[in-house]
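Read the structure below first, then the notes.
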2 protein chains.
Amino acid sequence: MTSFPQLGLDAQLCFPLYAASRAVTRRYTTLLAQAGLTYPQYLCLLALWESEEPVTVGELGARLRLDSGTLTPVLKRLEAAGHVGRRRDPADERRVLLEVTPTGWELRDRVADVPLGIASGMGLTEAEAGQLRGLLDRMLVGLDEPVT
Amino acid sequence: MTSFPQLGLDAQLCFPLYAASRAVTRRYTTLLAQAGLTYPQYLCLLALWESEEPVTVGELGARLRLDSGTLTPVLKRLEAAGHVGRRRDPADERRVLLEVTPTGWELRDRVADVPLGIASGMGLTEAEAGQLRGLLDRMLVGLDEPVT
DNA sequence: CGCAATTAGGTTGTGCACAATATGTTTGTT
DNA sequence: AACAAACATATTGTGCACAACCTAATTGCG
């Protein structure tokens with residue numbers, strides 16, 4: 001307390017960011033449970049639903065900013081649940097191609113209204129949400145640069 | 001893609017929030033490694049440094065919005081490292097009192113400049129950071145309400 | 001007092017994150 | 001062709017998060 005004002009929990013961005021992220025994830029978790037999905041599994045599907053074509057693990061990781069150590073077990077669970085197919089690329093056996101299965105596409109209807117359920121409980125106006133998204137995006141660009 | 005614009009990864013707040021939080025945590029992780037701390041351990045210490053008096057696990061959890069299942073192992077590691085003392089409250093044996101040890105207080109000097117190292121790489125002005133903190137705080141208030 | 005209900009913290013199990021490392025593949029370069 | 005370097009993914013190990021459950025201590029109330 002005495003002389004480190006910059007070390008106050010509320011003086012920094014990190015803690016509100018961390019707490020808000022966990023709070024939002026918690027909301028999603030409860031809404032996604034009815035579809036049998038975890039939040040990272042849902043994020044994987046959001047990314048995979050964006051393309052009709054198969055996508056490699058590396059491309060998915062670049063989109064979600066997650067590495068293979070995180071994605072592989074998540075994708076295996078999605079495969080075990082029948083939502084995603086995984087197969088080696090015949091043209092380059094190092095790569096694994098991911099493809100949403102028909103039941104995986106059907107899931108999209110079941111979770112289509114989840115974002116509205118989240119937004120309604122967030123206490124921000126549409127304008128504020130847009131502002132927040134803009135600030136976070138700018139921050140992500142800055143954080144992408146290697147540490148100088 | 002065809003008919004679910006609300007399910008775009010970038011259309012929602014959740015993904016930028018999640019990605020930004022992980023990116024910031026990653027920055028802290030590298031800076032905190034020299035002090036032998038993880039990011040959640042650092043958060044616990046930030047909260048404990050805010051009070052000269054012993055604090056219970058429950059009070060710490062309320063401050064950090066973390067439950068005992070998360071805090072207990074983190075606190076045990078901080079105790080094993082000699083930064084924090086844990087003892088049952090004699091007045092109420094259900095409670096555990098947490099107290100920063102002398103070496104725990106010394107750590108505060110070693111990490112005093114960590115927030116500056118983070119802020120410099122974040123790409124936001126001071127005003128933007130304040131704006132972001134305000135939006136996140138308002139969001140946290142909204143997310144604290146039970147789901148209606 | 002006697003005892004059900006509440007409270008505080010700990011334990012267990014599942015699922016991420018991420019660093020470090022390993023393995024198999026492909027690509028250059030000679 | 002031979003082989004070193006680069007590449008894509010998988011594996012392993014540590015440390016969270018959080019739900020569900022458990023145990024012991026305390027509190028209220030008749």
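Letters go in sequence order (proteins before strands), and every chain restarts at 1.
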Next on the checklist: side-chain contact (heavy atoms from CB on, under 4.5 Å) for Gln41(B) and His83(B)? Distances and angles first, verdict last.
Outcome noted: CA-CA 10 Å; Gln41(B) 288 168 15; His83(B) 303 319; over 6 Å; no
Checklist entry - Between Glu99(B) and Arg87(B), does at least one N-O distance fall below 4.0 Å, as a salt bridge requires? => result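 Yes.
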Checklist entry - So does Glu93(B) pair up with Arg88(B), basic N to acidic O under 4.0 Å? => result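 Salt bridge flag = no for Arg88(B) with Glu93(B).
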Checklist outcome for this item: Contact string for nucleotides 9-15 of chain D, one letter per nucleotide 5' to 3', B = base within protein heavy-atom range under 4.0 Å, S = sugar-phosphate only, - = neither, reads SBB---S
Checklist entry - Between Asp89(B) and Thr25(A), who's closer to the 5' end of DNA chain D by nearest nucleotide? => result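 Nearest-nucleotide comparison on DNA chain D picks Thr25(A).
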Please state how far atom [atom1] in [X] lies from atom [atom2] in [N], giving the value in whole angstrom units.
{"X": "Asp67(B)", "N": "dT11(C)", "atom1": "CG", "atom2": "C1'", "answer": "12 Å"}
{"X": "Tyr28(A)", "N": "dC16(C)", "atom1": "OH", "atom2": "C1'", "answer": "18 Å"}
{"X": "Leu64(B)", "N": "dC18(D)", "atom1": "CG", "atom2": "P", "answer": "11 Å"}
{"X": "Glu93(B)", "N": "dA8(C)", "atom1": "CD", "atom2": "P", "answer": "15 Å"}
{"X": "Leu60(B)", "N": "dG9(C)", "atom1": "CG", "atom2": "C1'", "answer": "13 Å"}

Checklist entry - More than 12 foreign heavy atoms under 6.0 Å from CD of Gln34(A): is that the case here? => result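 Yes, enclosed.
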Checklist entry - Are Tyr18(A) and Gln12(A) close enough that a side-chain donor and a side-chain acceptor fall under 3.5 Å? => result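 No, no side-chain donor-acceptor contact under 3.5 Å.
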Next on the checklist: So does Gly82(B) get a backbone contact from the side chain of Thr101(B), meaning a donor-acceptor N/O pair under 3.5 Å?
Outcome noted: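 A pair under 3.5 Å: yes.
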Next on the checklist: Any non-hydrogen side-chain atom of Pro54(B) less than 4.5 Å from a side-chain atom of Leu98(B)?
Outcome noted: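 Heavy-atom side-chain distance check fails, nothing below 4.5 Å.
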Checklist entry - Do the rings of Tyr42(A) and Tyr28(A) sit parallel, tilted or perpendicular, given the 30° and 60° boundaries? => result tilted
Checklist entry - Looking at Arg26(B), does any N or O in its side chain come under 4.0 Å of the phosphate oxygens OP1/OP2 on dC18(C)? => result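 Checking Arg26(B) against dC18(C): at least one side-chain N or O falls below 4.0 Å of OP1 or OP2.
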Item to check | Near-strand residues of residues 15-24 of chain A, defined as heavy-atom separation under 4.0 angstrom from DNA chain C | outcome: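 Here the set is empty: none.
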